[in-house]
Structures are given as C-alpha cells and as structure tokens.
Amino acid sequence: MSEPQAPKGTYDLLPDDAEGRDLVVATAAVVFAAYGYRRIVTPEFEDTALFERGVGEATDMVRKEMYTFSDKGGRSLTLRPEGTAPICRAYVEHGMHKLPQPVKLWYYAPMFRYERPQAGRYREHFQLGAEAIGSADPQVDAEIIAMLAQLYEELGIGELRLAVNSMGDQVCRPAYVERLRDFLGGRQAELCPECRERTQLNPLRTFDCKKETCRAVLGEAPQIVDHLCADCRAHFERVTLLLGDIGLDPQVDFRLVRGLDYYTRTTFEFSSAHLGAQSGVGGGGRYDGLIELIGGSPTPGVGFGTGVERISLVMGVRESAKSGPDAYFVCYDERLRARVFTLVQQLRSELLLEVDLDLAGRTPKGQLKQADRSGALRAVLVGLEWLDPGTARVRDLRNGDEDDVALDALADWFAAANDTAEGAP
RNA sequence: GUGGAGGUAGCUCAGCUGGUAGAGCUCCAGGUUGUGGCCCUGGCGGUCGCGGGUUCGAAUCCCGUCCUUCACCCCA
C-alpha cells in the first residue's frame with residue numbers, strides 16, 4: 001500500500017468543481033419544482049432481490065454490474081445501480097397510491113455499477129432523475145420529457161438530440177419480438193457472433209449493434225412502431241404530438257432499445273455529439289409493469305435519469321466565479337494574534353462576513369501576499385508600528401484606498417460598508 | 001471480461017540510440033516596493049507506479065503486475 005488512491009472508477013469532486021455541481025443540482029431543484037415534483041431520498045443500498053426482479057435477471061446490469069454483498073445478518077444487499085426500482089419500492093411501501101395520482105418525485109443520488117471506466121462512465125456516478133407514478137396518460141410522458149429538456153436548457157446545454165421510441169406493451173411486444181426473431185433467424189449468416197447469440201436471448205438488443213453489416217440487416221428488420229397494438233399506437237402518437245406542440249423535435253428511432261427490462265411503451269433519450277462514445281446524457285421511459293413486478297398493485301409509471309458527470313462534460317469547463325473573502329486580516333505584531341483572532345470571530349458571527357486570517361505562521365509580508373492571492377476585497381492591517389495600537393488600517397485591495405479604523409469600531413465599519421455596497425446598484 | 005495508449009517532483013512536462021534526474025508553475029523565505037500584486041535570489045520537494053530480468057551500470061531495454069486513459073460490451 002503506497003499512495004492512497006480513490007477506488008477504480010470513482011473520483012473526488014474538488015471544491016472548484018463541487019461548486020459547479022451544486023449549481024446543476026440547484027437548477028434542477030427549481031425546474032423540477034415548477035413541474036410539481038418533490039424530492040425523495042432512498043437508501044444507497046437495497047435488498048438485492050429488488051433489482052433482480054425489477055431491473056430484470058437478463059439485463060447486463062444485474063448479471064454483471066451490481067455491487068452485491070452480504071451484511072453481518074446474512075442479508076444480500078446491493079448498492080443502488082439505478083434509481084427507478086427503489087422509488088417504486090418506496091411508493092409501494094409507503095402506500096403512496098392513496099395520494100393524488102400521479103405522484104411526482106425527483107432525486108439526486110449516486111449510482112454504482114461495476115463496469116470498466118471510460119470517458120463519461122464511472123463505477124460511482126451521480127444521477128438526477130424523476131418519476132411520475134400512477135398515471136398512464138400520455139401527457140405525463142410528454143411532461144416529464146419536457147421537464148428534462150427544460151433542465152438542459154436552463155443549464156445552457158444546446159444541440160441535444162431527442163430520440164423517442166415505443167417498446168409496446170404486454171399485448172403487442174411479445175408478438176413483435178417473435179416476428180423479429182424469425183427475421184433474424186433467416187439472416188444469421190450476415191450477423192456478427194454476438195448478434196447471433198442475441199437472436200435467441202433478447203432480439204431487441206441487436207438494434208444496439210454498431211457493426212455496419214449488422215446495422216444493414218437491422219435496417220431491413222420489422223420495426224416495432226409498425227407492430228404496436230391500437231392502444232400503444234395511440235399513446236405513442238399522442239406523446240409525439242404533444243412534444244411537437246411544445247416545440248420539441250422528437251426523432252422516432254426504432255433502434256432506441258434501452259437496456260432495462262421494465263420499459264413499456266415510451267422510451268426516450270437525449271444524446272450529444274460532443275461526448276465521445278458514451279453519448280447519452282439522459283434518458284428514460286414508461287414502466288407500466290414495474291410496480292406490480294416488485295409486489296404492488298398494477299400501477300403505471302414513467303421517469304428518467306440523467307448523468308451529472310455527462311452534463312458537466314457537455315457543459316464544458318466553466319470558470320469558477322469564486323470570489324474572495326470580504327476581508328483578510330494581516331497581523332504585524334505577534335503579540336496581537338489573539339486580538340486578531342477574536343476580531344475575526346466577531347465579524348463572522350455578528351455580520352456573517354467571510355473573513356480570513358493567517359493560520360500558517362506567515363510573516364506579515366506573507367500574510368499580505370496571501371490576502372492578495374485569496375482575492376479578498378480588503379486587507380485589515382493590525383499592529384502597524386506607526387499607528388495607534390488600538391487602530392487598524394483597512395485597505396481596499398482593488399484600488400489601494402485606505403481608512404484607519406479603531407479596532408473596537410471595526411464591526412460597525414464593516415456593517416456600514418456592507419449597507420452602502422448593497423444599496424448601490 | 002477484451003483491445004489500443006500511457007505511468008518521472010503538488011501541477012504541466014523534458015530526459016536522444018542505457019552511465020547513478022531536470023525545467024516551468026505552485027509553495028516557503030530573503031531582497032526591492034514605507035505594507036500585496038511585477039521583478040531578482042535562495043530553499044522545500046522525486047524509492048523515475050510496483051516486482052523481477054538483461055547489464056559493470058536502467059528512468060531509459062525485456063517480462064509480469066497495478067493504476068490511469070480511450071474504445072468494445074452496456075449504460076447516465
């Protein structure tokens with residue numbers, strides 16, 4: 001064990017970046033509130049069975065990406081790999097079906113998946129997400145997509161592509177999957193080994209393949225949009241219509257097959273051309289069978305998750321507008337250190353001013369240098385030998401203006417300075 | 001799990017075909033500004049990722065391993 005290091009696929013958010021993160025989350029909170037969503041916080045880990053049943057035994061997520069462990073009581077627990085199943089669990093557990101439907105919830109939480117890290121992908125990553133549970137109305141689908149689009153807009157992210165698709169439901173999807181399997185069965189020779197395997201396991205996944213030869217074959221494959229039942233077709237048309245009405249430009253993409261089993265009907269994804277291989281910024285869909293699957297009564301739902309690391313990537317590096325403290329105290333006489341300490345404390349507690357002082361035993365020159373580097377508005381020079389012992393010199397570090405102030409009057413001086421500063425435009 | 005690239009001071013990097021490690025920035029101090037920003041000087045700071053091998057001698061070549069990174073898979 002030499003240099004300590006964050007675990008593979010994890011990272012430290014250092015102060016400069018944490019401020020940007022706070023801004024993203026704060027913006028989301030405001031946008032989500034406008035749509036009537038309220039925040040929910042669920043545990044970082046859940047019973048493993050929740051994800052196995054909810055997300056689906058056949059998905060990559062539960063087959064090879066979960067951080068699963070047993071606690072000392074022998075329970076099998078799993079670090080949350082996605083946000084929807086836990087929220088549905090909470091919905092059922094707390095009887096939220098008694099609330100006015102749909103129940104609208106949002107979250108900001110870390111997700112854990114054991115994957116090989118790469119650009120925009122981590123083993124611990126953070127998602128902002130929202131779920132609207134209890135209504136099958138296509139307006140809810142459109143609303144939640146609009147909400148996510150607005151979040152991106154408020155954050156200044158442009159040029160995102162919105163892809164939508166419908167996965168059908170229990171009525172029409174099985175028949176379509178069979179039809180697709182038949183089609184693929186007849187074209188096996190043209191498919192890559194992986195796609196040949198998928199033909200039996202999960203034919204829908206072949207749409208994800210990026211190999212040219214496979215894409216060519218899939219281009220001729222039957223598309224689910226042409227095989228939806230009447231209800232699903234009407235729902236899908238309504239969603240796309242509403243999205244168009246509010247100025248979004250949804251592109252129907254029959255390849256959009258998301259990797260979680262619970263999706264029904266609407267699926268959607270926002271992607272960016274500036275992200276590298278992992279281009280998805282956020283996505284989600286409807287999951288009308290999920291609540292029942294995890295033990296509730298049949299309840300429809302729709303939601304999304306969006307990765308904040310990817311949001312940061314598309315937003316690019318933004319200069320942190322961190323401003324310096326209001327004042328930095330410089331002590332010219334070691335015997336006055338204690339006096340300076342109490343003065344600083346007084347300004348902080350009485351006026352809530354951001355005030356700093358030297359905590360590293362620097363020389364007076366070093367302290368003033370530090371005051372400058374910290375970006376402080378003012379330096380308060382205490383203990384200058386040619387001044388009254390009870391007087392400090394307050395210097396504006398921007399323009400050099402100086403004012404001599406009695407130590408006892410410093411708090412009043414700063415209070416007054418603050419008032420005029422706030423009164424000014 | 002598979003493949004490509006890379007791992008030298010806190011940061012960004014140099015170090016050619018092997019001869020016992022350098023720069024800039026940062027940090028600390030001194031000088032000059034009656035007391036900061038510029039400039040000058042000095043100082044702190046490296047088991048050259050780790051382990052093995054070849055060699056008189058390896059940061060430099062070979063093997064392994066760990067980590068980082070990009071891509072596949074899949075997803076946020």
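Note on naming: letters A, B, ... go to the chains in the order of the sequence lines (proteins, then strands), and numbering restarts at 1 for each one. These numbers come from a predicted model, not from an experiment.
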Item to check | Sugar-phosphate or base contact per nucleotide [nucleotides 68-73 of chain B; S, B, -; heavy atom under 4.0 Å] | outcome: S-SBBB
Review item, nucleotides 6-12 of chain B N/O atoms under 3.5 Å of protein N/O:
none

Checklist entry - For atom P, what is the distance between B:C50 and B:A21, given to the nearest Å? => result 15 Å
Next on the checklist: Between B:U35 and A:K369, counting only base atoms on the nucleotide and side-chain atoms on the residue, is there a donor-acceptor pair under 3.5 Å?
Outcome noted: no
Checklist entry - Does the side chain of A:I145 come within less than 4.5 Å of A:F304's, by heavy atoms? => result no
Checklist entry - When the P atoms of B:C62 and B:G4 are considered, how many whole Å apart are they? => result 15 Å
Next on the checklist: Expressed as a whole number of angstroms, how long is the span from A:Q370:CD to B:C27:P?
Outcome noted: 8 Å
Next on the checklist: Rounding to an integer number of Å, can you tell me how far A:F112 CZ sits from B:A76 P?
Outcome noted: 16 Å
Checklist entry - Taking atom P in both B:A29 and B:G18, what distance in whole Å separates the two? => result 45 Å
Checklist entry - Do A:Q188 and A:L191 have side-chain heavy atoms sitting under 4.5 Å apart? => result yes
Next on the checklist: With a sphere of 6.0 Å drawn around CD of A:E178, does it hold more than 12 non-hydrogen atoms of other residues, nucleotides or ligands?
Outcome noted: yes
Checklist outcome for this item: From CZ of A:R393 across to P of B:U35 the rounded distance in Å is 12 Å
Checklist entry - Do NZ/NE/NH1/NH2 and the carboxylate oxygens of A:R378 and A:D396 come within less than 4.0 Å? => result no
Checklist entry - Given that A:V308 and A:L384 both sit by RNA chain B, which one's nearest nucleotide is further toward the 5' end? => result A:L384
Next on the checklist: Rounding to an integer number of Å, can you tell me how far A:K365 NZ sits from B:C27 P?
Outcome noted: 13 Å
Checklist entry - If the C1' atom of B:G46 is compared with that of B:U8, how far apart are they to the nearest Å? => result 8 Å
Next on the checklist: Tell me whether the side-chain N/O atoms of A:R395 come closer than 4.0 Å to OP1 or OP2 in B:U35.
Outcome noted: no
Next on the checklist: Please report the distance, rounded to the nearest Å, between CG in A:L387 and P in B:G34.
Outcome noted: 16 Å
Checklist entry - What distance, rounded to whole Å, do you find between the two C1' atoms, one in B:G7 and one in B:C13? => result 13 Å
Checklist entry - Counting any heavy atom closer than 4.0 Å, what does A:L128 reach on the DNA or RNA strands: base, sugar-phosphate only, or nothing? => result nothing
Checklist entry - What are the two closest non-hydrogen atoms of A:R337 and A:C331, and how far apart are they? => result N-SG, 3.8 Å
Checklist entry - Does anything in residues 371-379 of chain A reach RNA chain B, meaning a heavy atom under 4.0 Å, and if so which residues? => result A:D372, A:R373
Checklist entry - Counting N and O atoms only, with roles assigned by atom type, does the side chain of A:Q367 sit under 3.5 Å from a partner on the main chain of A:R362, one being a donor and the other an acceptor? => result yes
Item to check | Integer-rounded Å distance: B:A76 C1' and A:F268 CZ | outcome: 12 Å
Item to check | Distance between P atoms of B:G53 and B:U68 (Å, rounded) | outcome: 28 Å
Next on the checklist: Among residues at least two apart in sequence or on other chains, which ones pass side chain to side chain contact (heavy atoms under 4.5 Å, CB included) with A:D372?
Outcome noted: none
Next on the checklist: Could you work out, with side chain to side chain contact (heavy atoms under 4.5 Å, CB included) as the rule, every residue matching A:Y35, not counting sequence neighbours?
Outcome noted: A:V31, A:Y37, A:E143, A:A146, A:M147, A:Q150
Checklist entry - For A:T306 and B:A76, is the shortest distance between a side-chain N/O and OP1 or OP2 below 4.0 Å? => result no
Item to check | Side-chain touch A:E124/A:Y67, heavy atoms, less than 4.5 angstrom | outcome: no
Next on the checklist: Work out how far the C1' atom of B:C74 is from that of B:C67, and round it to whole angstrom.
Outcome noted: 23 Å
Checklist entry - Parallel under 30°, tilted from 30 to 60°, perpendicular over 60°: which one fits the rings of A:Y122 and A:Y11? => result tilted
Checklist entry - At under 4.0 Å between heavy atoms, what does A:V330 touch on the DNA or RNA strands: base, sugar-phosphate, or nothing? => result nothing
Checklist outcome for this item: Residues A:P222 and A:F207: closest non-hydrogen pair is O-CZ, 4.1 Å
Do any N or O atoms of the protein come closer than 3.5 Å to N or O atoms of nucleotides 40-42 of chain B, and which pairs are they?
none

Next on the checklist: Distance check needed: B:U35 P versus A:E402 CD, whole Å only.
Outcome noted: 12 Å
Checklist entry - Does A:R123 make a cation-pi contact with A:Y114 (under 6.0 Å, within 45 degrees of the axis)? => result yes
Checklist entry - Relative to the 5' end of RNA chain B, which residue comes earlier, A:E269 or A:Y114, by the nucleotide with the nearest heavy atom? => result A:Y114
Checklist entry - Which value, in whole Å, describes the distance between the C1' atoms of nucleotides B:G30 and B:C48? => result 32 Å
